Amino acid sequence: MARQYLVAGNWKMYGHRASIEALVKGINAGLSSLPKVQVLVCPPAPYLAEVAHSAGVNLAVGAQNIAAQEQEGALTGEVLGAMLKEVGCSHVIVGHSERRALFGDSDAIVAQKVRAALIAGLVPILCVGETLAEREGGQTEEVIARQLDAVFALSPTASLHKLVIAYEPVWAIGTGKTATPEQAQAVHQFIRGRIAAVDAKLAGSTRLLYGGSVKPDNAALIFGQPDVDGGLIGGASLKAADFLAICTAAQLQAV
Ligand code: 13P
């Protein structure tokens, strides 16, 4: 089955107006040669509207976080899904390991955020992944199953047809240590199987991204794995040339 790869750049809390303008310009300029890849950038929140305005038609924009609540209210500092949608976002990253580890995003809160995203009409990119201690303790599958099951418990699978899942092993994020293609494939296969246990059709259509030190020189091997449908790219998405090279690696797989 022909797959459409999704390559997403997570810019985290990096950049300023001028650098972000230059980055968007650089990425826009390279997109015409990537018709088979869906390309998404996730800038810091203050720049979302501007990036959505300047992005070309083939560049989608996503947020890095969303309020767990589904309605507006007295929630200082939070951002409602409908607001993200209104300024031009189509996607939102939910449950990134940095938010789970540093900002108290528990499995239950992440599940609420996925639901809030769906209600707002945004595509949630649900991040899951184990720490190094969990991997070394043989708990990888248990941890990922728990992270997935929390989402399935709150959102009926019929509502999850737009869901994207990103497997991001915590030990590979920003460390330069990528999972081997085989390690990535093994976990992606496990994730697809876990989805299939609740809904076989959904398992076939859900896009599974790999994230964690993806670079131009390792992207092709990772994207070549049967259950890898794209990538969530951190550091390398902050340089247009590197990000486009990673997108090109996806394009070459998508024949
Ligand atoms: P790096 O690509 O910098 O390892 O970051 C991965 C990530 O966290 C993307 O969400």
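Bear in mind the structure is a predicted one, so any value in this text is a computation, not a measurement. Whatever order the structure lists ligands and atoms in, that order sets their numbers, starting from 1.
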request  = Could you list which atoms of ligand 1 come closer than 4.0 Å to a heavy atom of Gly174?
outcome  = 1 (P), 3 (O), 4 (O)
inquiry  = Below 3.5 Å, N or O to N or O, backbone or side chain included: is there any such pair between Ile173 and ligand 1?
reply    = no
With Leu6, the side-chain contact (heavy atoms from CB on, under 4.5 Å) member among Val164, Asp229, Leu232 = Val164
inquiry  = Which label fits Tyr5 and Phe223: parallel for a plane angle under 30°, tilted from 30 to 60°, or perpendicular past 60°?
reply    = tilted
inquiry  = Only heavy atoms of Ser213, strictly under 4.0 Å: list the atoms of ligand 1 that pass.
reply    = 1 (P), 2 (O), 4 (O)
request  = Heavy-atom distances under 4.0 Å are what count here, so tell me which part of Ala166 touches ligand 1: side chain, backbone, both or neither.
outcome  = neither
query = Can you hop from Leu126 to Ile119 via hydrophobic side chains spaced under 4.5 Å?
reply = no
key: Ala236 to ligand 1, any heavy atom closer than 4.0 Å   = no
request  = Could you list the atoms of ligand 1 found under 4.0 angstrom from a heavy atom of Leu232?
outcome  = 9 (C), 10 (O)
Backbone or side-chain N or O of Gly234 under 3.5 Å from ligand 1 N or O = yes
request  = Any atoms of ligand 1 less than 4.0 Å from a non-hydrogen atom of Gly212? List them with their elements.
outcome  = 4 (O), 6 (C)
key: Atoms in ligand 1 flagged as close to His96, the criterion being non-hydrogen separation under 4.0 Å   = 7 (C), 8 (O), 9 (C), 10 (O)
query = Given side chains that start at C-beta, do those of Leu40 and Ile125 come closer than 4.5 Å, heavy atoms only?
reply = yes
inquiry  = Taking a cutoff of less than 4.0 Å between a non-hydrogen atom of the residue and any ligand atom, is Lys215 in contact with ligand 1?
reply    = no
Atom indices of ligand 1 within 4.0 angstrom of Gly235 heavy atoms, with elements = 1 (P), 2 (O), 3 (O)
remark   = In ligand 1, the atoms that come under 4.0 Å of a heavy atom of Ala172 are 4 (O)
key: Minimum heavy-atom distance between Ile173 and Lys12, given as atom pair plus value   = CG2-NZ, 3.5 Å
request  = Report yes or no: does Ser237 have a heavy atom closer than 4.0 Å to ligand 1?
outcome  = no
request  = Check the side chains of His96 and Glu168 for a donor-acceptor pair under 3.5 angstrom, ignoring hydrogens and angles.
outcome  = yes
query = What part of Asn10, side chain from CB on, backbone N/CA/C/O, both or neither, has a heavy atom under 4.0 Å from ligand 1?
reply = side chain
query = Less than 4.0 Å between a side-chain N and a carboxylate O, is that true for Asp105 and Arg100?
reply = no
ask   = Regarding Tyr210 and Gln183, is there a side-chain donor-to-acceptor distance under 3.5 Å anywhere?
value = no
inquiry  = Do Trp11 and Gln64 pair up side chain to side chain, a donor and an acceptor below 3.5 Å, judged on atom types alone?
reply    = no
query = Does the distance from a Lys or Arg side-chain N to an Asp or Glu carboxylate O, for Glu50 and Arg17, drop under 4.0 Å?
reply = yes
ask   = Below 3.5 angstrom, do we get any N/O pair linking Thr175 and ligand 1?
value = no
ask   = When you check the side-chain N and O atoms of Thr131 and Glu134, is any donor under 3.5 Å from an acceptor?
value = yes
task = Examine ligand 1 and decide if any of its atoms is less than 4.0 Å from a heavy atom belonging to Gly211.
result = no
query = Would you say Glu168 has any N or O atom under 3.5 Å from an N or O of ligand 1, going by distance alone?
reply = yes
